Amino acid sequence: MCSVVGYNGSGPCRQQILEGLARLEYRGYDSAGFACITTASKLHCVKAQGGIDQLRAKIKMAQDDGIDGAIGLGHTRWSTHGSSSENNAHPHVDCRRTVAVVHNGIIENFAFLKEKLQLLGHTFVSQTDTEVIAHLFEDELQTKSLERAVLAVVSGIQGAYALLVMSEKHSDYLVAIRKSSPLCLGILPDQTFVASDVAAFIDKTDEVVFLPDESFALISKTGYAVYNFFGERIYPPVEKTVCTWSAEGKGAYEHYMLKEMYEQKRAIIDTINFLRLHKSTRMQQLNLSADMIHDLERIHFIGCGTSWHAGMIAEYFMQEVAHLQTQSFLASEFRYKKFFSCSRTLTCIISQSGETADSLEALRLLLASKQPTIALTNVASSSMVREADGFLLTQAGQEIAVASTKAFTAQISALFLLAHWIAHIKGLVTTQAMARAEEELFVAAEVLENSIERYKFDIISKRAPFYARYKNFIFLGRHISFPCALEAALKLKEIAYIFVDTYPAGELKHGPLALIDAQTPVVIFSCLDEVVYKKLYGNAQEVKARSGHLIVFAFEHQQELLALADTAFVFPKVNPLLAPVVMIGLIQFFVYQIALVLDRPIDRPRNLAKSVTVE
Ligand code: F6R
C-alpha cells in the first residue's frame with residue numbers, strides 16, 4: 001500500500017525519485033519522504049504529511065532545494081502502524097542518522113524487536129514498525145559487511161516487506177530487500193531504479209528485474225547483484241515489460257473517477273476486442289487445455305472488495321452458461337479456511353492490480369497445493385500474472401481513482417466471455433452464440449453510458465443534493481443484482497462516507513425490516529429473471545407498507561415495481577446476465593454526485609489506497 005522508490009546511478013536522484021513517487025501515490029498518500037546521500041557522503045532526509053506536492057513544498061521551504069545526490073530513496077505512506085504524521089512518515093533513520101530505510105509491508109514482530117533495541121539503548125521517535133529496521137542495521141553494520149548485515153537483519157524480522165536501505169558507511173550502495181511485497185529493478189547501463197511498481201520508472205526503461213521472493217539486491221552506481229536469503233548469488237532474468245502507465249491526466253474531468261466512469265464503454269469494448277483478436281495468445285495465456293475444461297467440475301473465484309463482487313456476479317455466468325458449480329470467496333477469508341484440493345477445480349483470482357496481498361497469498365496457497373489457477377487482472381506486469389498458472393487480461397487502461405469503476409465492468413466482461421469460451425469447448429454453446437454474447441456486451445456498454453447521459457441533469461440538479469442529506473441507506477438486490485447492490489454500496493461508503501447496509505432482499509423480513517422508516521432510503525436493484533423479479537416486487541411492497549422511501553433501479557417493462565418508487569431509474573432490457581453492467585454506471589454516477597455535494601476528496605478517499613499490498 002505504501003510505495004518505495006530508489007535510485008543509484010550517474011545522475012542526481014531527487015527529481016527521479018519524486019517523479020517515481022508521484023506515479024505511485026495511488027498506493028498511499030497520507031505522508032511522503034525522501035532521503036539521499038550527498039556528495040559529501042552525508043545522509044539527508046526530508047518528510048512531510050500529505051502527498052508528493054506537500055513533500056516538494058517542504059523541500060523548498062526547508063531550503064533543502066540544493067540537497068541531492070547520486071543515491072537516494074523515497075516513500076509514500078498508507079498508515080498501518082501509527083497515525084499519519086511527519087514523525088511516522090518514512091524514511092526512518094537510526095539513532096545516529098546514518099542509516100535510512102523505507103518500507104512497504106508489515107514487520108509483525110516489531111514490538112518485540114523494539115523493546116529489545118530500547119533495552120540496548122536505541123531511541124525511537126516514531127510509532128511505526130519500520131523504524132526497528134533502521135536500528136537493526138545500525139547495530140549490524142558496526143561489525144558486519146553490508147551483505148552479512150542484510151542477512152542478519154532478515155533472519156530476525158517476520159512479516160512482509162519491500163525495503164530500501166542506505167547508509168553513510170556504505171555510501172555507494174543502495175540495498176533492496178524483498179519478502180512477499182513486490183519490488184523490481186529498472187535497469188539502465190549507468191543507473192538502476194528500484195520501486196514497488198514498474199510504473200515508477202517505465203518512462204526511463206522497460207528492462208526490469210522482478211526480485212524473487214526472499215531475495216535482496218546490492219545496487220551500486222554501475223550495476224547490481226542479487227542474493228537469496230542464504231547469501232547465495234542468484235541471477236533473476238532481465239525482462240522486457242509492458243506497463244499501462246499513461247500520463248494522460250484528468251483532461252476536462254473534475255475527477256479521475258468521473259473520467260474512468262465514462263471510460264467504461266471503451267474499457268468493455270477494448271477488452272472484448274483484445275480477447276477476440278488475440279484468440280490464440282489468449283488461450284496460451286489462460287493455459288487451459290480442452291481436456292482440462294472437459295474435466296472441470298467447479299470454478300472458484302477469489303478476490304477482495306470490488307473484485308470479489310465481480311466474482312459473485314460471474315458465479316451466475318458460470319452456472320448458467322458453462323453449467324459449472326461455482327463459488328466465490330473473499331481472499332482474506334479463504335486464506336484462513338480449510339480448503340480441499342481438487343485438480344478438477346479451477347480457481348480464478350480476480351484483482352485489478354494483480355498485487356493485492358490477500359489475493360496474492362490465496363493464489364500462493366493454491367499454487368503450493370498444485371491447484372490449477374488463473375489470474376484475471378488489469379496489469380500485465382503484476383505479480384499475479386507472473387505467478388498464476390494462466391492469466392486473462394482486461395483492457396481497462398490504468399485506473400487512478402481509488403474507487404474501482406472501469407476495472408470492475410471490464411472484469412465482468414472478461415468473465416462473461418470466459419464462461420462462453422468454457423461453454424463452447426464443452427459443446428454447450430455454438431460459435432454463433434459466442435458472437436451473440438460479444439454483441440450483448442457491446443449493447444450493455446452502450447446502455448451503461450446512455451443511462452448516465454439520460455439521468456445526468458436530474459441527478460446533478462435534484463437527486464444528488466436531495467439524497468446527500470441522508471445518513472444511512474439500505475441497498476437490496478436478489479440473484480445477480482445482489483452483488484451489484486454490494487458493489488453500489490461499497491462505492492457509497494467509500495467515496496461519500498455514507499453508511500449502507502446491504503441485503504439479499506429476501507432477508508428483509510428476517511430482521512432488517514425493523515430498520516425501515518422514512519429516514520432511511522431503500523435502494524432496490526431489480527433483475528430480469530421473471531420469477532426473481534416478482535419476489536423483488538414483493539419486497540418493495542414490504543418496504544412501502546412501512547412508509548419506507550424507495551429508490552428503484554429497474555427495467556422498462558417492470559411497471560409494478562417502478563410504480564412503487566419515490567425515485568426511479570429505468571433501463572432498457574438487455575441480456576439478464578448483464579443487468580449489473582448496465583445499472584452500475586448510473587449508480588456510480590449517482591454516488592459520485594452525492595460525494596461531490598458532500599465535498600469529499602473523491603479520487604483519494606480518507607484512509608484508503610489503490611493497491612492493498614499489506615494484509
Ligand atoms: C473499491 C476498490 C477495492 C478493490 C480491492 C481489491 O472501489 O477498488 O475494493 O477492489 O481493494 O483490489 P484489486 O482488484 O486490485 O485486487
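Start at 1 and go down the list; that is how both ligands and their atoms are numbered. All values below were derived from every heavy atom in this structure, side-chain atoms included, with hydrogens, water molecules and symmetry-related copies excluded. Just so it is clear, the structure is predicted and the values come from calculations on it, not from any experiment.
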Answer yes or no: is there a donor N or O on one side and an acceptor on the other, between the side chain of Trp78 and the main chain of Asn607, under 3.5 Å? yes
Look at atom 2 (C) of ligand 1 and say which protein heavy atom is nearest, naming residue and atom and giving the distance to 0.1 Å. Thr306 OG1, 3.6 Å
When distances are taken from atom 12 (O) of ligand 1, the protein heavy atom at minimum range is Thr356 OG1, 3.4 Å
Starting from atom 11 (O) of ligand 1, locate the nearest protein heavy atom and write down its residue, its atom name and how far away it is, to 0.1 Å. Val612 CG2, 3.9 Å
Where do His255 and Tyr592 land on the ring pair (Phe, Tyr, Trp, His ring centres under 6.0 Å) test, with the steps shown first? CA-CA 10 Å; His255 292 97; Tyr592 170 85; 5.5 Å; yes
At a non-hydrogen distance cut-off of under 4.0 Å, which region of Leu490 contacts ligand 1 (side chain, backbone, both, or neither)? side chain
Would you check whether Thr377 reaches within less than 4.0 Å of ligand 1, judged by its heavy atoms? no
What residue and heavy atom of the protein are closest to atom 15 (O) of ligand 1, and at what distance? Ser353 OG, 2.7 Å
For atom 6 (C) of ligand 1, which protein heavy atom lies nearest, and how many Å away is it? Cys304 O, 3.3 Å
Is the charged tip of Arg606 near the ring of Tyr497: under 6.0 Å from the six-membered ring centre and within 45° of its axis? yes
Lys491 heavy atoms within 4.0 Å reach ligand 1 at atoms 1 (C), 7 (O)
Show the atoms of ligand 1 that are less than 4.0 angstrom away from any heavy atom in Ala403. 7 (O)
At a non-hydrogen distance cut-off of under 4.0 Å, which region of Glu494 contacts ligand 1 (side chain, backbone, both, or neither)? side chain
Does the ring centre of Phe569 sit less than 6.0 Å away from the ring centre of Phe590? yes
One should read off an interatomic distance between His479 NE2 and Ile313 CD1, to the nearest 0.5 angstrom, of 12.0 Å
Between Glu25 and Arg604, is the closest basic N to carboxylate O distance under 4.0 Å? yes
Side-chain donor-acceptor pair present, Gln352, Ser307, cut-off under 3.5 Å: no
Does Arg178 make a cation-pi contact with Tyr161 (under 6.0 Å, within 45 degrees of the axis)? no
Could you list the atoms of ligand 1 found under 4.0 angstrom from a heavy atom of Ser307? 10 (O), 13 (P), 14 (O)
